[in-house]
Amino acid sequence: MTQSLHEKVQIQIYDLLDTTKFELSELNQNKSLVINGPDTKLIQRGFDISYYQGQKKAIDAIDTLLKSYNDTQSFMEHYKTYAINYTNEFQSIVSEFDALTEPQDEFEQLIANYYQLKGQIHVINTINTTVNQ
């Protein structure tokens with residue numbers, strides 16, 4: 001029995017959610033090691049948290065699209081719009097980083113947004129692979 005595209009994407013979303021939950025759990029278990037360790041580990045933890053938040057945000061958004069649009073054509077139309085919007089936003093923030101010569105006043109927000117979008121793009125790329133198989 002072959003799975004519909006809807007089912008394939010739903011299974012992939014569940015797998016991504018499980019992986020994200022596992023990674024966040026691992027991150028929380030190592031919290032005391034990071035807090036007592038070097039500053040670079042603490043900064044990396046912040047990047048990781050933003051990245052996983054981005055993954056979770058994308059997973060939730062795509063899951064909502066799956067539940068809202070039961071037919072494949074409607075889902076794909078809305079998913080493609082979602083994917084294009086976030087891909088463009090990610091490219092925009094990458095360009096902003098490339099043009100940056102000195103840290104700006106809201107540099108930490110720029111970095112957090114970058115890692116959050118990077119997490120979202122990871123989920124989008126994974127779903128794109130599933131959709132294009």
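All values below were derived from every heavy atom in this structure, side-chain atoms included, with hydrogens, water molecules and symmetry-related copies excluded.
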Residue pair Gly54 / Gln120: nearest heavy atoms and the distance that separates them: O-CG, 2.9 Å
Close side-chain approach of Thr129 to Gln133, heavy-atom, < 4.5 Å: yes
Reported CG-to-OH distance for the pair Leu17 and Tyr14, which is rounded to 0.5 angstrom: 9.0 Å
Lys118 NZ to Asn113 CG distance, which is reported to the nearest 0.5 Å: 14.5 Å
Arg45 CZ to Asp48 CG distance, which is reported to the nearest 0.5 Å: 8.5 Å
His6 and Phe75 aromatic ring geometry - parallel, tilted or perpendicular at 30°/60° bounds: perpendicular
Atom pair CD (Gln53) and NZ (Lys56), whose distance is rounded to the nearest 0.5 Å: 11.0 Å
Atom of Ile127, atom of Gln12 and distance for their closest heavy-atom approach: CD1-CG, 3.7 Å
side-chain contact (heavy atoms from CB on, under 4.5 Å) evaluation trace for Lys57 with Gln116: CA-CA 9 Å; Lys57 186 176 177 182; Gln116 194 171 82; 4.1 Å; yes
Ser25 side-chain N/O to Lys21 backbone N/O, donor-acceptor pair under 3.5 Å: no
Expected output: side-chain Asn132 to main-chain Asn128 donor-acceptor under 3.5 Å: yes
For Ala58 against Tyr82, the heavy-atom pair lying closest together: CA-OH, 3.2 Å
Phe47/Tyr51 under ring-ring contact (aromatic ring centres under 6.0 Å, His included): CA gap, chis, key distance, verdict: CA-CA 6 Å; Phe47 295 160; Tyr51 181 80; over 10 Å; no
From OH (Tyr79) to CG (Leu5), nearest 0.5 Å: 10.0 Å
Nearest-0.5 Å distance that lies between atom CD in Glu7 and atom OG1 in Thr72: 9.5 Å
Heavy-atom donor-acceptor pair, Thr19 side chain to Asp15 backbone, under 3.5 Å: yes
Same apolar cluster: Leu65 and Ile11, side chain cutoff 4.5 Å: no
Criterion side-chain contact (heavy atoms from CB on, under 4.5 Å) on Leu117 and Val94, from CA distance to verdict: CA-CA 10 Å; Leu117 285 167; Val94 167; over 6 Å; no
Under 3.5 Å donor-acceptor, Ser74 side chain and Asn70 backbone: no
Least distance between heavy atoms, Tyr115 atom then Ser50 atom: CB-CB, 3.7 Å
Sub-4.5 Å side-chain heavy-atom contact between Gln109 and Tyr114: no
Within one Ile-Leu-Val-Met-Phe-Trp-Tyr cluster: Ile84 and Val123, side-chain cutoff 4.5 Å: no
